[in-house]
Amino acid sequence: MPELPEVETTLRGIAPHLAGQRIERLLVRERRLRLPVPPGTEEALAGQRIESLSRRGKYLLIGLERGTLILHLGMSGSLRVLPARTPPATHDHLDLYLAGGACLRLHDPRRFGLFLWTAEPPERHPLIAGLGPEPLEEGFGGDHLWRLARGRRTAVKAFIMDSGVVVGVGNIYANESLALAGIHPARPCGRVSRARYARLAAAIRQVLANAIAVGGTTLRDFVAEDGRPGYFAQSLRVYGRTGEPCRGCGEPIRQRRIGQRSSFYCRRCQR
DNA sequence: CCGGACGCCTGTCGGC
DNA sequence: TGCCGACAGGCGTCCG
């Protein structure tokens with residue numbers, strides 16, 4: 001589910017409720033996420049103060065007095081801040097109770113999410129260490145993409161979804177960015193010109209920034225920390241619009257599988 | 001090194 | 001109406 005804009009929306013929603021708070025205790029109802037919540041996590045977190053909240057790619061990082069909490073929402077995860085006594089629903093896998101009476105609750109039907117405490121600096125953790133640049137920060141641009149693509153034959157769509165290339169671009173925003181840049185998703189990444197990579201990098205930034213500004217994309221179940229959906233679905237150019245007219249030329253939007261993921265594009269506007 | 005396929009889970013939807 | 005397969009916002013791992 002969540003790509004960078006949804007994770008950023010979640011971060012902005014939960015941060016004010018969590019920053020500076022002390023953790024009373026962690027309650028785990030279901031340990032079996034993508035990686036099991038390690039035994040001893042409850043003890044490691046109890047009594048610690050939350051010092052910082054940040055995001056790296058699609059990972060949420062909660063900095064504690066000792067160590068860091070690494071969270072990932074997978075395909076179907078969401079976080080809510082609720083009064084501690086709110087009864088849990090199905091797939092509410094864990095609660096982080098705060099001293100102030102609130103609770104951070106992870107809901108994740110498919111259990112592809114992640115909840116890990118690590119003592120080492122997060123940037124040294126294996127899940128984080130190999131990540132590419134943040135698309136909305138310095139260090140990301142067309143030249144970065146162009147250089148990494150030299151000699152490679154993967155479809156450009158799979159290339160920009162590779163978290164070692166650039167973080168945070170999932171299936172929706174990969175499709176949308178390529179549509180905005182006018183690049184065919186199946187084109188081999190090594191055969192996209194430097195100039196077009198400059199357009200693609202700008203498109204990725206624009207699409208992500210616009211999505212963040214409206215609270216992300218809600219297709220079925222994404223909600224922010226307060227339960228509100230995101231509104232970017234209204235702005236989608238191609239994603240999920242198979243057979244509907246291209247907003248640029250009217251040609252029906254095509255759908256096919258590229259790199260095991262559904263891909264949407266306009267055959268006329270994207271080359 | 002690279003690229004492609006697979007598996008992890010549950011829920012939903014479309015076709016028969 | 002019910003069943004069954006396909007598919008869904010991610011990503012680590014394995015294999016050739």
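Lettering follows sequence order; numbering is per chain, from 1.
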What does A:Arg153 touch in the nucleic acid at a heavy-atom separation under 4.0 angstrom: a base, only the sugar-phosphate, or nothing?
sugar-phosphate
Comparing A:Thr90 with A:Arg34, nearest DNA chain B nucleotide closer to 5' gives the residue A:Arg34
List the atom of A:Leu61, the atom of A:Arg56, and the distance in Å for their closest heavy-atom pair.
CD1-CB, 4.0 Å
How many angstroms lie between CD in A:Gln21 and CG in A:Leu104, if you round to the nearest 0.5 Å?
11.0 Å
Assert: residue with more 5' nearest nucleotide on DNA chain B, out of A:Gln260 and A:Leu148, is A:Leu148
Can you check whether A:His72 has a side-chain N or O nearer than 4.0 Å to OP1 or OP2 of C:dG10?
no
Does a side-chain N or O of A:Arg261 approach OP1 or OP2 of C:dA8 to a distance below 4.0 Å, or not?
no
Atom pair distance, as rounded to whole Å: CE in A:Met161 and P in B:dG3:
15 Å
If I compare all heavy atoms of A:Arg110 with all of A:Ser76, which pair ends up nearest, and what's the gap?
N-OG, 2.9 Å
Distance, rounded to the nearest Å, where A:Asn175 contributes CG and C:dG9 contributes C1'
11 Å
Between A:Arg191 (CZ) and B:dG3 (P), how many Å, whole number?
14 Å
Could you give the distance separating C:dC14 and B:dC9 at their P atoms, to the nearest angstrom?
16 Å
Taking only N and O in the side chain of A:Tyr173, is any of them less than 4.0 Å away from OP1 or OP2 of C:dG9?
no
Does the ring center of A:Phe232 lie less than 6.0 Å from the ring center of A:Tyr173?
yes
Out of C:dG9, C:dG10, B:dG3, whichever nucleotide has its closest atom nearest the side chain of A:Thr154:
B:dG3
In whole Å, what is the span from the CG atom of A:Leu114 to the P atom of B:dC8?
17 Å
For C:dC11, what is the paired nucleotide under Watson-Crick or G-U wobble rules, both distances under 3.5 Å?
B:dG7
Has A:His91 got a side-chain N or O lying under 4.0 Å from the OP1 or OP2 atom of B:dC9?
no
Record whether the side chain of A:Arg111 comes under 3.5 Å of the base of B:dC9 through a donor-acceptor pair of N or O atoms.
no
Are A:Ser163 and C:dC11 close enough that a side-chain N or O sits under 4.0 Å from OP1 or OP2?
no
B:dG4 P sits how many Å from A:Arg257 CZ, rounded?
14 Å
Could you tell me the separation between the CD atom of A:Glu3 and the P atom of C:dG10, rounded to a whole number of Å?
5 Å
Heavy atoms under 4.0 Å, any strand shown: does A:Phe159 hit a base, just sugar-phosphate, or nothing?
nothing
Any stacking of A:Phe112 on C:dC11, going by centres under 5.5 angstrom and planes within less than 30 degrees?
no
With side-chain contact (heavy atoms from CB on, under 4.5 Å) as the test, would you mind laying out the steps for A:Arg152 and A:Asp162 before giving the verdict?
CA-CA 13 Å; A:Arg152 294 187 56 179; A:Asp162 179 345; 4.1 Å; yes
Could you tell me whether the phosphate oxygens of C:dG9, OP1 or OP2, come under 4.0 Å of any side-chain nitrogen or oxygen in A:Thr217?
no
Under a 3.5 Å cutoff, is there a donor and acceptor pairing between the side chains of A:Gln255 and A:Ser263?
no
Once you round it to whole Å, what is the distance between C1' of C:dA6 and CE of A:Met75?
13 Å
